Amino acid sequence: MNTLIEFFQGLAAQVPDLLQPFIIAAAGAIPFIEGEVSSIIGVWAGMNPVLAGVAGAIGNLVCVTVIVALGARARRAVVARQSRKRELVSTGSATGTGAAGLPAEDPSAHTPAEAAPPLAEGADDVQGHGRLGEETKPDSKGRAKFKRFLTRFGVPGASLLGPLAIPTQITSTILVSAGVKTSWILLWQGIAVIAWTTLTTLIATGSLALLAG
């Protein structure tokens with residue numbers, strides 16, 4: 001990540017002033033750099049602090065908006081598919097047929113010998129990891145921390161505190177998967193990006209002024 005930051009800092013210092021905002025905006029779209037760090041890169045590259053902050057925030061916000069829009073669309077498709085499956089199952093149960101149009105199976109037709117065997121010891125551990133052979137990865141520390149923020153403070157608080165744990169691009173995907181309304185996500189993610197980018201821009205500007213003085 002340090003190499004990537006150094007790359008953007010060197011690039012912003014070398015390109016013409018007209019292209020500098022685009023470089024900073026591109027940096028702001030990258031997770032773990034975002035608007036906060038990209039604005040610092042711009043300030044240290046000699047850009048006007050306001051321009052650096054605005055460019056970094058715009059790059060960050062554009063990336064978050066695209067992620068939220070695509071994620072919400074994918075989630076709607078999944079929910080719709082699951083809803084259709086439930087309708088097929090409920091229709092089949094009501095008419096006495098299975099999902100494929102076959103007669104529903106009579107559970108009483110099974111003999112005790114045909115009954116499903118009891119779960120083996122430790123099978124509940126397998127179920128806790130998803131399907132057989134498909135262990136679900138535990139949440140990273142950052143994701144777990146953000147989810148605690150979300151549980152305790154809701155979307156507004158989690159969005160504002162989220163950058164302390166993980167990038168806004170990742171927090172946005174978590175909020176989308178949780179079913180939060182798209183407009184609500186964009187509103188509070190936008191506020192968070194602007195607030196944190198403003199803070200880091202002021203810190204960078206102040207630090208540069210102290211070093212110059």
Side-chain angles (χ1 to χ4, degrees), residues 1 4-5 7-9 11-12 15 17-43 45 47-83 139-204:
M1 185 56 63
L4 193 59
I5 293 174
F7 167 76
F8 277 107
Q9 188 172 359
L11 185 61
V15 299
D17 294 348
L18 187 62
L19 296 179
Q20 284 182 333
F22 297 97
I23 301 300
I24 300 305
I30 299 175
F32 296 102
I33 294 182
E34 306 179 274
E36 302 98 283
V37 179
S38 65
S39 65
I40 296 175
I41 294 173
V43 171
M47 287 181 61
N48 178 282
V50 175
L51 183 58
V54 170
I58 288 176
N60 198 163
L61 288 172
V62 168
C63 183
V64 167
T65 301
V66 171
I67 289 174
V68 171
L70 294 178
R73 182 177 179 181
R75 187 178 187 279
R76 284 194 298 268
V78 172
V79 171
R81 184 165 61 250
Q82 292 176 343
S83 178
D139 286 334
S140 64
K141 292 182 179 179
R143 283 178 176 267
K145 189 174 183 179
F146 176 76
K147 289 180 179 180
R148 288 196 297 270
F149 290 155
L150 185 59
T151 301
R152 186 171 182 180
F153 305 112
V155 174
S159 297
L160 292 173
L161 296 174
L164 296 174
I166 49 178
T168 51
Q169 291 91 339
I170 299 177
T171 61
S172 298
T173 61
I174 295 175
L175 294 174
V176 169
S177 64
V180 180
K181 192 175 180 181
T182 301
S183 59
W184 195 237
I185 298 174
L186 293 176
L187 171 63
W188 283 103
Q189 290 292 299
I191 292 173
V193 168
I194 293 171
W196 280 98
T197 302
T198 300
L199 177 62
T200 56
T201 302
L202 291 174
I203 292 174

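Nothing here was measured: the structure is a model prediction, and the numbers come from that model.
Residues F146 and A158 approach most closely at CE1-O, 3.2 Å, considering heavy atoms. Of all the heavy atoms in A12 and A45, the pair that sits closest is CB-CB, 3.8 Å. Nearest heavy atom pair, residue E36 against residue P163, reads OE2-CB, 3.8 Å. Closest approach of S159 and L175 over heavy atoms only: OG-CD1, 4.1 Å. Between I24 and G56 the shortest heavy-atom distance is CG2-N, 3.7 Å. The minimum heavy-atom distance linking R143 with I166 is given by the pair N-CG2, 3.9 Å.
Two residues are said to be in side-chain contact when any heavy atoms from C-beta on lie closer than 4.5 Å; T173 and I67 meet this criterion. Contact annotation: the side chain of E34 never approaches that of C63 to less than 4.5 Å [non-hydrogen atoms, C-beta and beyond].
To the nearest 0.5 Å, atoms CG (D139) and CZ (R148) are separated by 10.0 Å. From I5, atom CD1 reaches atom CD1 of I33 across 5.5 Å, with rounding to the nearest 0.5 Å.
In this structure, the side chain of T151 engages the main chain of K147 through a donor-acceptor pair within 3.5 Å.
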**side-chain contact (heavy atoms from CB on, under 4.5 Å) assessment of W196 paired with L164** = CA-CA 10 Å; W196 280 98; L164 296 174; 3.4 Å; yes
Problem - Intermediate values then yes/no, side-chain contact (heavy atoms from CB on, under 4.5 Å), V180 and V176 - result: CA-CA 6 Å; V180 180; V176 169; over 6 Å; no
side-chain contact (heavy atoms from CB on, under 4.5 Å), that's the test. Do I41 and F7 meet it? Break it down for me. CA-CA 10 Å; I41 294 173; F7 167 76; over 6 Å; no
Test side-chain contact (heavy atoms from CB on, under 4.5 Å) applied to V37 and T200, step by step:
CA-CA 7 Å; V37 179; T200 56; over 6 Å; no
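Side-chain polar atoms of S39 and T197 form no donor-acceptor pair below 3.5 angstrom. For the residue pair T168 / N60, a side-chain donor-acceptor distance below 3.5 Å is found, with atom types taken as modelled.
Using cut-offs of 30° and 60° for the angle between ring planes, the F149 and F153 rings count as tilted.
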